[in-house]
Number of protein chains: 2
Amino acid sequence: MNTKYMAGSFKLMKSLNRSLILNTIREHGQISRAEIAKLTKLTPPTVGNIVKELLEAEIVIEQSQGVSKGGRKPTMLVINARSFFMIGVDAGPASVHVIMTDLNADIVQMHEVPLKPGITEADFLNLMISGIKEVINSGKASTDQIIGIGVAMHGIVDIENGISLFAPNLQLRDIPIKETLEKEFAMIVKVENDARAMALGETWFGNGKDVDHLVCVNVASGVGAGVVINGKLFHGEHDLAGEIGHMCIDLNGPRCTCGNYGCLQTHVSGPAIADRAARDLSLGKESILRDMAGNLNELTGEMLHEAAQKGDRFSIEQFELTGRYLGIGLINLIHLLNPKRIIIGGGVSLAGDYLLESARQTVKTRALTESAKNTEIVLSKLGKNAAAIGAVSLILVELFSTKANQS
Amino acid sequence: MNTKYMAGSFKLMKSLNRSLILNTIREHGQISRAEIAKLTKLTPPTVGNIVKELLEAEIVIEQSQGVSKGGRKPTMLVINARSFFMIGVDAGPASVHVIMTDLNADIVQMHEVPLKPGITEADFLNLMISGIKEVINSGKASTDQIIGIGVAMHGIVDIENGISLFAPNLQLRDIPIKETLEKEFAMIVKVENDARAMALGETWFGNGKDVDHLVCVNVASGVGAGVVINGKLFHGEHDLAGEIGHMCIDLNGPRCTCGNYGCLQTHVSGPAIADRAARDLSLGKESILRDMAGNLNELTGEMLHEAAQKGDRFSIEQFELTGRYLGIGLINLIHLLNPKRIIIGGGVSLAGDYLLESARQTVKTRALTESAKNTEIVLSKLGKNAAAIGAVSLILVELFSTKANQS
DNA sequence: TGTATATGTTTCCATTATAAATTAATTTTA
DNA sequence: TAAAATTAATTTATAATGGAAACATATACA
């Protein structure tokens, strides 16, 4: 479904309609055959036939009957959420977070293991494997109901081969995640960049459900984004789309770890916020942070958040400043991609109350047109589970989407 | 073809295959039925049937027979370029450029009229109308062969309604181009932003033919871009995608006409180049420009180009500096969209020899990964006709692309 | 109780791709 | 030079769907 021109075939036709009906049911929670036909403009028999297949595959079940609208009661159809399960792995910089969910992305089991700095590739992979085993062996689902494993990995990822090309926080390169997990568990494995996974998660189950074009920005120890176009993840030519952490917004700005100057990441990432606060404090500014942190070098974004919640003016202003920088980044993104909505996630978004408004204000001030000014900027709905649920969604896409060569 | 989920139908199936075959013929120049079947993986009868229809519609014709490969000679098929004609209008800031082309985008007639500053909406529309009439009345094509008019308009455009919402260089708003021209000429009219039209033109007939994801950057009196994803123009939610002129690359940079600071446009547009050169000259730098321009205020980008061609070190350095700034903009774009190729067009690209290399160098230096470093950066192939040919392509897309509700 | 109405299914039909066989036109080769 | 092999294109028959219309079913409401 990704080529310039696509061949039409019976399989494609069927698959398109199957996908259309399945997603209509999913989006509506429960819906009758007649209503599906109306919404999709498919004819009643077409809907009936495909629904029959979905019922046989047990992906869909008939629920109790709905209320009549002056005639025969409709039979409501719902996704059979507990027919299949998926595993999602959020391999963040500090921990590996494994979840198992049903088709509604409701979590039925989870397990988290911390990551020690300086871990080797083998240990990292083993940790992931044992975490996944832990979840599978919970017995919350029978093994043959589990249809795949999705992995959200920070850093640069080669999607096709499922390789983590560069994981800056682990200082590892070329980790063969897909190959390893497929050998171990004998099921489909999909690997994706964490920000993109978050974007997919928000699109399917979070604050992006009703939107065609959106960008999900992950503000954590780094800054990344996932770009969704027409409801699908956009990867670009080399799976690099969305790497906005090193977008230059300040030619003469501070030096970044990447060697350049003025990257967005040097202004709005968690560490950047802490560093700036430490610098400002060392200049003599007043704040309760002085009491909270023994040493200014140990200052973290979390501390600033805590202080802000206690009403610390200094910390609140630091977040507002961060919001303004973030707003500049968003403006660049809005003018280039013009999404309908931007979703902010990642650790820093916990302080969303303090930085969101100033980011919105910056966008309003700098945007070129009225519609750009009104680009919706909201917080992630899935919060700390966003990446893991995004990882799960990678597998769900396989089940729910159109494949020209589907059976 | 733009919704998240699409219904499958016989019409769609047929239309997809028609489009696939038509574009296969177009891309190959000439090709046999058997070869099409091999390439598209359609069966020979399917290809034969659709080709028969295309022959009847006279969009395709049978050419002389090709050379045998050890069996019956293949009958070569080619696009019947002179069966239909299209009109393309490039409504730039300084002139209206009207062309008529055949299906190969070969220009059969052209006409250009200058635009006076302070023109009224009515005069502008009348100018366009008379320009188009001039071309139609040339007799190079019979009226019923002309299938539509495409308009590439600078500024912000509402595609659906064909309205120029804001044309900064004309100081006009809400010009109803589509409505006016459709009433006057009774044929399909498509209106598009100039940079996006250029991008489409390059995709179909220029340096973007073989690429799925590309961005075409128009560096002229302003800076704009057209984003092509999967071979199709990407518009974003409000037809604003690609407005990179006001991307912020320098928080504390010079003030832009938009009211903000450090927009890309204040560093790399034609006027920006001239302004910066004038400022540097006023500081006493040496250059033959001093003799060429009577007054430093009258300095133009063209003059710098002329001087550079004469070997003027100062002017060459100005372009190289511009290239570095442009490179920063491209890096931001590469990290967000990761296109395979970036095409530079617009007036400033005439000085491409002087700025392209430093732009490439900047990208190589700042890009995050090897593949990003190697993003191809090339000049427009269509040059000054890019926007007009892009405008023509807007109509061509209608003829060549898939429509679910096509006959 | 009957009529209108909404839901869902069946029956028949239309459209199109697909597979296999056939015809056609050449080259290769014995 | 004639037969065999090869490639191209068409014909014929078949299969896989979606689409239209009629039908059956269940319910509300007058």
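A, B, ... follow the sequence lines: proteins, then strands. Residue 1 opens every chain.
As rounded to whole Å, 13 Å separates atom P of dT18(C) from atom NZ of K41(B). As rounded to whole Å, 16 Å separates atom C1' of dT16(C) from atom CZ of R18(B). Distance CG (L42(B)) to C1' (dA8(D)): 16 Å, rounded to an integer number of Å. Following rounding to the nearest Å, L55(A) (CG) and dG8(C) (C1') show an atom-to-atom distance of 13 Å. Here the P atom of nucleotide dT10(D) and the NZ atom of K52(B) are 8 Å apart, to the nearest Å. Taking atom CD1 of residue I21(B) and atom P of nucleotide dT16(C), one finds them 13 Å apart after rounding to whole Å. In this entry the distance linking NZ of K14(A) with C1' of dG19(D) reads 15 Å, nearest Å. If you measure from atom CG of L12(A) to atom P of dT16(C), you get 15 Å, rounded to the nearest angstrom.
Taking the centre and axis of the six-membered ring of Y5(A), the NZ or CZ atom of R26(B) falls outside the cone set by 45° and 6.0 Å.
Here the side chain of E202(A) pairs a donor or acceptor atom with the backbone of K381(A) at under 3.5 angstrom. Looking only at distances, no side-chain donor or acceptor of E58(A) sits under 3.5 Å from a matching main-chain atom of N80(A).
Remark: K190(A) engages E398(A) in a salt bridge, criterion side-chain N to carboxylate O under 4.0 Å. A salt bridge links K69(B) to E35(B): at least one charged side-chain nitrogen sits closer than 4.0 Å to a carboxylate oxygen. Using a 4.0 Å cut-off between charged side-chain N and carboxylate O, D239(A) and R196(A) make no salt bridge.
A 4.5 Å side-chain heavy-atom check between L233(A) and V227(A) finds every atom pair outside the cut-off. The shortest side-chain heavy-atom distance between I147(A) and L399(A) falls under the 4.5 Å cut-off.
Residue N49(A) places none of its side-chain N or O atoms closer than 4.0 Å to OP1 or OP2 of dT17(D). Side-chain N/O atoms of R33(A) include one lying less than 4.0 angstrom from OP1 or OP2 on dT9(C). Within the 4.0 Å cut-off from OP1 or OP2 of dA9(D), at least one side-chain nitrogen or oxygen of T75(B) is found.
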Taking it one step at a time, do E160(B) and H235(B) satisfy side-chain hydrogen bond (donor to acceptor under 3.5 Å, both in side chains)?
CA-CA 11 Å; E160(B) 197 185 329; H235(B) 291 99; over 6 Å; no
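Taking every side-chain heavy atom of M13(A) into account, dT17(D) is the closest of dT17(D), dT7(C), dA17(C). Taking only side-chain atoms of P44(B), from C-beta outward, the nucleotide of dG8(C), dT10(D), dT18(C) with the closest atom is dT10(D). Closest approach to the T43(B) side chain among dA19(C), dA20(D), dG8(C) is made by dA19(C) (side chain taken as heavy atoms from C-beta onward).
Two end axes, each from the C1' atoms of five base pairs, can be drawn for the helix from dT1(C)-dA30(D) to dA30(C)-dT1(D); they diverge by 20°, to 10 degrees.
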Restricting to nitrogen or oxygen on both sides, can you table the protein-nucleotides 23-29 of chain D pairs closer than 3.5 Å?
{"from": "dA26(D)", "atom 1": "N3", "to": "R72(A)", "atom 2": "N", "distance (Å)": "3.2"}

